[in-house]
Visitor: 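Submitted below is the structure of interest, expressed as structure tokens.
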Protein chains: 2
Amino acid sequence: MTNNTPVTLKFLAEKLKMSVSTVSKALNNYPTINEYTKKRVQEMARELHFTPNKSAINLKEKKSRIIGIILPNLLDHFFTRSIYGVEQFATQNGYNVIISQSHDDLEKEIQSANMLLRSRVDGLIVAISKHTQDFAHLDQFENMGIPVVYYTRNPSFNLSCHKVLGNTFQGCYKATQFLINRGHKKIAYLGGPKMINFTHDRFNGYINALKDNGVPFSADLVAYTDFDKENTISAIQNLFDNPQNTPTALVAFKEPILFDAIKYLRSINHPNLDQIECIGFGNTSFISYLDSPPIASVEENPESVGENAIKLLLQLINREIDMENYQKVMVDCKLIVHEA
Amino acid sequence: MTNNTPVTLKFLAEKLKMSVSTVSKALNNYPTINEYTKKRVQEMARELHFTPNKSAINLKEKKSRIIGIILPNLLDHFFTRSIYGVEQFATQNGYNVIISQSHDDLEKEIQSANMLLRSRVDGLIVAISKHTQDFAHLDQFENMGIPVVYYTRNPSFNLSCHKVLGNTFQGCYKATQFLINRGHKKIAYLGGPKMINFTHDRFNGYINALKDNGVPFSADLVAYTDFDKENTISAIQNLFDNPQNTPTALVAFKEPILFDAIKYLRSINHPNLDQIECIGFGNTSFISYLDSPPIASVEENPESVGENAIKLLLQLINREIDMENYQKVMVDCKLIVHEA
DNA sequence: ACAATTATTTCAAACGTTTGAAATGAGTTT
DNA sequence: AAACTCATTTCAAACGTTTGAAATAATTGT
């Protein structure tokens, strides 16, 4: 049932014995085209299943109505949820989205960037890989006048770029404050990989909450881990190695890390485990299945982060905001207290 | 720092004082072009950051080197993992991937299909929405000579399409067999939404394993649920409502459903909960955090499903397999027994 | 009936590439 | 010096669309 001649404007024009431009204008509902003509053209187009060729349109219009997203991976629910926000708003505004995973690999990120550049995306939203230090592959876009919005993972030192971030400082502050309010004095902080910049923002939130409440800070109560399990366990061992002076609460960088930590403490039958209250970033749906769930979660509102990123990007694309007028948008976190 | 004149072949040609075709051929490494010329062109291209315009190429070549994926959503790890397989193999073969979520909404699925059609994807991989009964929006592709591979969720009644499926019959058979081998006689089956076709394949796997082992079947031991929590609970109530004649094992359609079930049984303090052995489809990473984890999981190998889908699709695109020669590929499931 | 006005359609160029055919240029051979 | 090679470059058309300007057709006023 395969058609051999593709259905193009030209083909329609020949069928209808009129010019290509009339057909084009009729389909695009130009006011100068006679209503009856429009009807005939549209009917024929429908009948023959005419589908405009986007490549041709892009070429002519010099824009693709595609926006690109580069992110580390799709297995992290933060990112998949953020895409939801992007896609929703993009589609509403007539844009399509190409998602490309870097798998936290710089080489792959460069490849993704190049392919999106060749595809002439109208704008780019990117969460950089763990290893991105050099930004040549991303700067290309701005050099070609294509706006870039960094979201979540961004070059922290660089002020000359547009950013949309979770207000992770505030999230960690809230979490710490919450634990202090519940009477905890020895609150541990388990941070994430040090090269991810907001590890430090969270730490600052933690520190500031302590300070503002007159709770003394102790370096013994701070440890770091990457997402690796063994690493987490040894960090936890450091934090909890002193049985008579053990933390009573824990703020963790991300829930999977927290779960590993809790699991470990259970496995060694930590004496005060029941009294330890934990909070992690993420608000995973799986929490409801855990037997000793965290007392609360820091909800980072990824959909909102995504939505803010695409909103900003569209403003840049439409030149409603000047590209050199660098924006920084912060999305608040919300502390979700889980029912007992 | 925005360039005003875009760097095109023409622009390079003018700079180098040669014709557009020479530049094009030089960049594409034509043998008729002088080596020194090639060097000069390539150098200039690099220097000016020339990026070929994919829309123009697509238009000329009549192919996009893009393959489209439509799937219900990205929150289900089955799908995100399957994408991994697709992307990997696609990239290796010079194809890019556009992912579009239907959110299990038919209208959205139709929109996605149309946009991918306009983008002139070279092939389509699709897992249909729960509500897809009519396939006009997907048949369009085949009518235009664009191959379509259905994966996982597919029109079960339709033999005239290419399919890549998890061998869900075999997976459920294995799970049931495993439980029988462990001495269970009263094994419950908790199925998924009836409109998802492989709900029935799994049921058949269950039934056949019972039959092959001479274990009597009882309709009381079968219940269905969609992904809704209340629904699951009432299904579980039906299965376990008779305290003196309760199942000793359970095979569940999908792990989140299983987790809801277990959680409910705990919440009512079901007397024999400790003896009940459960298996679900999915092999979620979160299992390791559960206190009463399933004894085993049916691993559906989504990466492999994805990889098989893209492999088949590429063969169809390259006309190595005739489009009318409908293929059906089954990917085996693996039973993963969790350590105690 | 003829110009003037308005409605409608068509022309033609452009977007950035690719590619077979034709042209050019530099050597060779006679 | 004419004729022939061969290497290299250029021409020109094509892909499918959009759009301002020009052309044509239909309607109105006088």
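So that the names make sense, note that chain A is the first sequence line, chain B the second, and so on, each numbered from 1.
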Visitor: Round to the nearest Å and state the distance from Y30(A) atom OH to dG20(D) atom P.
Guide: 6 Å

Visitor: Go through dT17(C), dT9(D), dT17(D) for me and flag the one nearest to the V20(B) side chain.
Guide: dT17(C)

Visitor: dT10(C) phosphate, OP1 or OP2: any side-chain N/O from S19(A) under 4.0 angstrom?
Guide: yes

Visitor: If you pin A56(A) and M18(B) to their nearest nucleotides in DNA chain D, which one's is more 5'?
Guide: M18(B)

Visitor: Among the candidates dT9(C), dT19(C), dG16(C), find the nucleotide nearest to the side-chain atoms of S24(B).
Guide: dT19(C)

Visitor: Decide yes or no for V7(B) and T51(B): does some side-chain heavy atom of the first lie under 4.5 Å from some side-chain heavy atom of the second?
Guide: no

Visitor: Do K311(A) and E307(A) sit within salt-bridge range, that is, some charged N less than 4.0 Å from a carboxylate O?
Guide: yes

Visitor: Nearest whole Å is fine: how far is dC11(C) C1' from K10(A) NZ?
Guide: 16 Å

Visitor: Whether D76(A) and R81(A) form a salt bridge (side-chain N of Lys/Arg under 4.0 Å from carboxylate O of Asp/Glu) is what I want to check.
Guide: no

Visitor: If you measure from the Lys or Arg side-chain nitrogens to the Asp or Glu carboxylate oxygens, is any gap between E35(A) and K38(A) under 4.0 Å?
Guide: yes

Visitor: At less than 4.0 Å, is any side-chain N or O atom of K54(B) found next to OP1 or OP2 of dG16(C)? Yes or no.
Guide: no

Visitor: Tell me which nucleotide among dC15(D), dT9(C), dT10(D) gets nearest to the side chain of L59(B).
Guide: dC15(D)

Visitor: CZ of R120(A) versus C1' of dT17(C): gap in Å, rounded?
Guide: 11 Å

Visitor: Reading DNA chain C from 5' onward, which residue's closest nucleotide shows up sooner: T22(B) or I33(A)?
Guide: I33(A)

Visitor: Below 30° counts as parallel, above 60° as perpendicular, anything between as tilted: where do the rings of F135(B) and Y150(B) land?
Guide: perpendicular

Visitor: Return the nearest nucleotide to the side chain of S21(A); candidates are dT10(D), dT8(C), dT19(D).
Guide: dT19(D)

Visitor: Can you label the angle between the H162(B) ring and the Y326(B) ring as parallel, tilted or perpendicular, going by 30° and 60°?
Guide: tilted

Visitor: Just to be sure I understand the rule, does T37(A) reach a base, reach only the sugar-phosphate, or reach nothing, if contact means heavy atoms closer than 4.0 Å?
Guide: sugar-phosphate

Visitor: Would one find a side-chain N or O of K25(B) under 4.0 angstrom from OP1 or OP2 of dT17(C)?
Guide: no

Visitor: Rounded to whole Å, how long is the line connecting atom CG of N28(B) with atom P of dG16(C)?
Guide: 17 Å

Visitor: Would you mind reading off the distance between N53(B) atom CG and dA14(C) atom P, rounded to a whole angstrom?
Guide: 17 Å

Visitor: Under 3.5 Å, is there any donor-acceptor pair linking the side chain of K60(A) to the base of dT18(D)?
Guide: yes

Visitor: Looking at the side chain of E61(B), which of dT18(D), dT10(C), dT18(C) is the nearest nucleotide?
Guide: dT18(C)

Visitor: Please report, rounded to the nearest Å, how far the C1' atom of dT9(D) is from the CG atom of L9(B).
Guide: 15 Å

Visitor: Whole angstroms only, please: what is the CG-P distance between L12(B) and dT17(C)?
Guide: 8 Å

Visitor: If you compare every side-chain N and O of N34(B) against the phosphate oxygens of dT8(D) (OP1, OP2), does one of them come in below 4.0 Å?
Guide: yes

Visitor: Check every strand shown and say whether F11(B) touches a base, only sugar-phosphate, or nothing at a heavy-atom separation below 4.0 Å.
Guide: nothing

Visitor: So T8(B), base contact, sugar-phosphate only, or nothing? Heavy-atom distance under 4.0 Å.
Guide: sugar-phosphate

Visitor: Starting at OH of Y36(A) and ending at P of dA26(D), how long is that distance when rounded to a whole Å?
Guide: 14 Å

